[in-house]
Amino acid sequence: MLMKTANQSLTEQLAERYADRIRQRLLVPGARLPSVRACAAQHGVSPSTVVAAYDLLLAQGLVQAQRQRGFFVRESIAPRSEPRHAAPVPPAQGPINATALIRGMFHQVSDKPQPGMGVFPPDWLESTFMPAAVRRVASTRALNETSLSYGEPRGDEGLRRVLAQKLSAISVPVDPAQIITTVGATHALDIVSRTLLRPGDPVMVEEPGWAVEFARLAALGMRILTVPRGPDGPDLAVMERLAEAHRPKLFVSVSVLHNPTGYSLSPGVAHRLLQLAQQHNFHIVEDDTYSHLAPEHSTRLSALDGLQRTIYVSGFAKILAPNWRIGFLAAPPGLLEPLLDTKLLSTLTTPALLEKALAHCIEQGQLRRHAERVRTRLDAARSRSVKLALGAGCRFAAEPSGLFGWVDTGVDTDELAQRLLDDGYLIAPGALFHAARTPSTLMRINFATTQDATFWRIFSRRVGSS
């Protein structure tokens, strides 16, 4: 609730709150602000205070008024000015989008654990072996050798060798020459899309699915075809109809610990999916970002297919070092040169110094032991988070597994997200995980950041007031 101070009126505080969230894109262009009456009730102020605050936002060029419809965030934001009255910042009743979640990773909305984040808290990833590995490969001689030339376009040879060994341990047969390192797993996905697709091409994706992948493909001008994702894998009947009607070149899948549901592919569905890919001549990008958290012997398409129609993508941001930005792809021999050309056009090469440090961490078994510690900690966190969520009246729409929970709250989570922002919490509404955004009562939670009973008490209060 807002409180009048000597320095700021209630009007100025309310306008500042909305302005900040608009500029941070936590309220996206076209989003409707709450009605005057709803906003007044939400913040404990008079309707005239809300009208005055919205007028300040109008003066700053952040919103526009539509007769008999209300106030909406402008499609293009006017340059920031310093008006006499108000300041900058945040929102109300508009959707949080994929880029808002990404921005939240870099500019936290508060110092509280964030339920909507897609990463582990930094303290979970702290280690002594990573700095030691960097020091080892950063001696004067080694630093000169790696820094004074562009390096190998495919990526550090030593890293590709240990990655090939690592993939063989999960039954993905690959030669080091079939591996290309990238600036994170998202860069690997981007390389594949830019190589195999052209603007307007149809591409099949799982729904619900990764919000950033929908946004990335849409930004490239691709035509997104959604395939419902169930506990055992994609809906093969829907996929077959889409393949026959649209002849897509690509299907993007998270086969193990799917985001946001936590589902993993069954062997039977995997075999039939590969048969469809052969029959209808499309490739499958297998995003194995959560491989380090996966149960042993999880079914992977690349293992069954032997990298014929599959392209395997993974990275280390989730489990080890987000800022090292190291990912990779493994592809059929016939696609390697086109994929490498795309990498060269986007980044030339990738930083060999950190790739060598990562290779050392993998070779010495340090990454494996670190991942085991994280999994043990995550299992305990998941147990606590599930109890708290159930106690708050939620229902799990999928069996809790991996890093994420797919939770039914019983209320519109787009609206709930804006209410929780006022309490300093960023959640991931269910509508984010659908290509054509529609209202949803679901939300994705991060088990590592939802062990705090305080969040669930505030959540329950906000749900009760919806």
Minimal non-hydrogen separation, [X] against [Y], with atom names:
X: Leu14; Y: Thr49; result: CD2-O, 4.5 Å
X: Asp452; Y: Pro113; result: OD2-CD, 4.5 Å
X: Ile179; Y: Ala330; result: CG1-CB, 4.2 Å
X: Ser35; Y: Tyr54; result: O-OH, 4.4 Å
X: Phe72; Y: Arg32; result: CE2-CB, 3.4 Å

Ring centres under 6.0 angstrom apart (His292, Phe316) = yes

Under a 3.5 Å cutoff, is there a donor and acceptor pairing between the side chains of [X] and [Y]?
X: Ser253; Y: Ser255; value: no
X: Ser460; Y: Arg457; value: no
X: Ser298; Y: Ser264; value: no

Derivation of the side-chain contact (heavy atoms from CB on, under 4.5 Å) call for Thr181 and Lys343 = CA-CA 9 Å; Thr181 64; Lys343 175 185 175 178; 3.4 Å; yes

Determine, for Glu213 against Arg216, whether the closest basic-nitrogen to carboxylate-oxygen distance falls under 4.0 angstrom.
->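 Here Glu213 pairs with Arg216 in a salt bridge, since their nearest N and O are under 4.0 Å apart.
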
Measure the CG-CZ distance between Asp55 and Phe71 for me, rounded to the nearest 0.5 Å.
-> 6.0 Å

So how far is it from Leu163 CG to Leu358 CG, rounded to the nearest 0.5 Å?
->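 Here the interatomic distance stands at 6.5 Å.
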
Please work out which of the three classes, parallel, tilted or perpendicular, describes the rings of His370 and Phe129, given edges at 30° and 60°.
->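 It falls in the perpendicular class, over 60°.
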
Would you please classify the geometry between the Phe459 ring and the Trp456 ring as parallel, tilted or perpendicular, with 30° and 60° separating the classes?
->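 Perpendicular: the ring planes of Trp456 and Phe459 meet at over 60°.
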
Lys112 to Tyr425 six-membered ring, cation-pi geometry met (6.0 Å, 45°) | yes

Might you work through the ring-ring contact (aromatic ring centres under 6.0 Å, His included) test for Phe404 and His258, ending with a clear yes or no?
-> CA-CA 9 Å; Phe404 300 126; His258 172 260; 9.9 Å; no

In a check of side-chain contact (heavy atoms from CB on, under 4.5 Å) between Trp210 and each of Val205, Asn259, Leu432, Val254, which one passes?
-> Asn259

Should Leu265 and Val256 count as side-chain neighbours, where that means a heavy-atom distance under 4.5 Å?
-> no

Find out whether Phe251 and Pro234 are in side-chain contact, i.e. whether some heavy atom of one side chain is under 4.5 Å from a heavy atom of the other.
-> yes

Please walk me through it: do His187 and Ser346 pass side-chain hydrogen bond (donor to acceptor under 3.5 Å, both in side chains)?
-> CA-CA 9 Å; His187 181 220; Ser346 60; 3.2 Å; yes

